Amino acid sequence: STTTGTNGTVAVGHDALKVLTSGAANVAIGYQALQLEDAGGNSTAVGYQALTNQNNDNGMNTAVGKASGAAIASGHSNTLVGSGSGATLQSGYQNTLIGRDADATSGKINATAVGYGTIAQADDSVTLGNASVSAVYMSQDSGATVHCAGIDFSATQPAPDAGSSSSEVLDSYE
């Protein structure tokens, strides 16, 4: 680099960091990786069109996989791993999306989605698995202790327990 403001930057691939003028410590590897970033720093994009639309001064996004984080324009401090992860996340921050097509709607904050096609459900939440997941193990021998303030049973229950309840929260040891 001949521009001091881009020190520590690495770009490999056609149109990778094509318009960068002053963002330092970026790594873009792949066709159009971080293509539109001009001044943001500290982002890592690895993969065909990874973070291709990012253009913000906050940066600090990490995206690994084909088109990972491709929709992000103003979002920052997100971690996206898997082909197509973060496909609709344009803004928002501190999200972690792991798995092919794992995603969160734009504007989510501190949402985690883990698994193929898993969509983060709310701010400050963790979503494990997509709609096809039918069991969650808290260690391979199911011996882990789960810490929580309560368990909410108010959602509609599948057959044979069909029906719903208005407020069924287990919040103390019984």
Side-chain angles (χ1 to χ4, degrees), residues 1-134 136-138 147-148 155:
S1 170
T2 58
T3 305
T4 304
T6 62
N7 285 345
T9 292
V10 175
V12 177
H14 184 70
D15 290 337
L17 284 168
K18 182 178 182 178
V19 299
L20 187 70
T21 58
S22 62
N26 289 297
V27 175
I29 301 173
Y31 175 77
Q32 294 180 343
L34 280 166
Q35 177 183 21
L36 297 182
E37 185 58 71
D38 61 357
N42 305 300
S43 288
T44 301
V46 178
Y48 179 95
Q49 295 182 329
L51 292 173
T52 192
N53 288 307
Q54 176 182 305
N55 186 9
N56 68 68
D57 293 341
N58 294 320
M60 297 191 182
N61 288 306
T62 299
V64 178
K66 179 184 181 283
S68 180
I72 290 178
S74 61
H76 63 89
S77 304
N78 297 294
T79 301
L80 315 165
V81 178
S83 179
S85 58
T88 62
L89 184 67
Q90 296 174 347
S91 63
Y93 52 90
Q94 301 170 343
N95 298 295
T96 303
L97 309 175
I98 300 173
R100 180 170 179 197
D101 299 326
D103 207 356
T105 56
S106 192
K108 284 281 185 268
I109 299 169
N110 193 33
T112 299
V114 179
Y116 175 88
T118 302
I119 309 299
Q121 297 299 299
D123 290 348
D124 302 314
S125 72
V126 175
T127 305
L128 299 174
N130 62 27
S132 298
V133 172
S134 60
V136 177
Y137 294 86
M138 298 298 179
H147 300 270
C148 63

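The model shown is predicted, which means the values in this text are computed figures rather than measured ones.
- Among residues at least two apart or in separate chains, ring-ring contact (aromatic ring centres under 6.0 Å, His included) pairs with a member in residues 71-99 are His76-Tyr93.
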Item to check | Test log, rule side-chain hydrogen bond (donor to acceptor under 3.5 Å, both in side chains), inputs Ser68 and Ser85 | outcome: CA-CA 5 Å; Ser68 180; Ser85 58; 2.8 Å; yes
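- In this view, Asn95 and Asn78 satisfy the side-chain hydrogen bond (donor to acceptor under 3.5 Å, both in side chains) rule, not counting sequence neighbours.
- Closest non-hydrogen pair, Met60 versus Ser43, comes out as N-OG, 3.1 Å.
- The side-chain hydrogen bond (donor to acceptor under 3.5 Å, both in side chains) test applied to Gln49 returns Gln32, not counting sequence neighbours.
- Looking at residues two or more places apart in sequence or on another chain, you find a side chain to side chain contact (heavy atoms under 4.5 Å, CB included) between Ala11 and Ala16, Leu17.
- Applying the ring pair (Phe, Tyr, Trp, His ring centres under 6.0 Å) rule to His14 yields the partners Tyr31; only residues at least two apart in sequence or on another chain are considered.
- Note that the CD1 atom of Ile72 and the CD atom of Gln54 stand 6.5 Å from one another [nearest 0.5 Å].
- Closest heavy-atom contact between Ala33 and Ala28: O-CB, 3.6 Å.
- Listed by first and then second residue, the salt bridge (charged side-chain N to carboxylate O under 4.0 Å, His left out) pairs that reach into residues 16-45 are Asp15-Lys18, sequence neighbours excluded.
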For residues 114-124, please give each side-chain donor-acceptor pair under 3.5 Å, one per line with the distance, not counting sequence neighbours.
{"residue": "Thr118", "atom": "OG1", "partner": "Val114", "partner atom": "O", "Å": "3.3"}
{"residue": "Thr118", "atom": "OG1", "partner": "Gly115", "partner atom": "O", "Å": "3.1"}
{"residue": "Thr118", "atom": "OG1", "partner": "Asn130", "partner atom": "N", "Å": "3.1"}
{"residue": "Gln121", "atom": "NE2", "partner": "Ile119", "partner atom": "O", "Å": "2.7"}
{"residue": "Asp123", "atom": "OD1", "partner": "Ile109", "partner atom": "N", "Å": "2.9"}
{"residue": "Asp124", "atom": "OD1", "partner": "Asn110", "partner atom": "ND2", "Å": "3.1"}

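- Proximity of Asn61 to Asn56: side-chain heavy atoms (C-beta onward) are separated by under 4.5 Å at one or more points.
- Every residue two or more places apart in sequence or in another chain that forms a side chain to side chain contact (heavy atoms under 4.5 Å, CB included) with Ser74 is listed here: Ser91.
- With sequence neighbours excluded, the residues satisfying side chain to side chain contact (heavy atoms under 4.5 Å, CB included) with Thr88 are Asp103.
- The stretch residues 110-121 participates, sequence neighbours left out, in no salt bridge (charged side-chain N to carboxylate O under 4.0 Å, His left out) pair at all.
- Here the straight-line distance linking atom CG of Leu51 with atom CG of Leu80 works out to 6.5 Å at 0.5 Å rounding.
- Across Ser22 and Ala39, no two heavy atoms sit closer than the pair OG-CB, 3.4 Å.
- Atoms CE and NE2, on Met138 and His147 in that order, are 11.0 Å from each other to the nearest 0.5 Å.
- Among residues two or more places apart in sequence or in another chain, the side chain to side chain contact (heavy atoms under 4.5 Å, CB included) test is passed with Asn53 by Leu36.
- For residues 51-67, there are no salt bridge (charged side-chain N to carboxylate O under 4.0 Å, His left out) pairs, not counting sequence neighbours.
- Put simply, the side chain of Asn58 never gets that close to the backbone of Ser77: no donor and acceptor are under 3.5 Å apart.
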Item to check | side chain to side chain contact (heavy atoms under 4.5 Å, CB included) assessment of Val19 paired with Asn55 | outcome: CA-CA 10 Å; Val19 299; Asn55 186 9; over 6 Å; no
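- Side chain of Thr6 to backbone of Ala24: no donor-acceptor contact under 3.5 angstrom is found.
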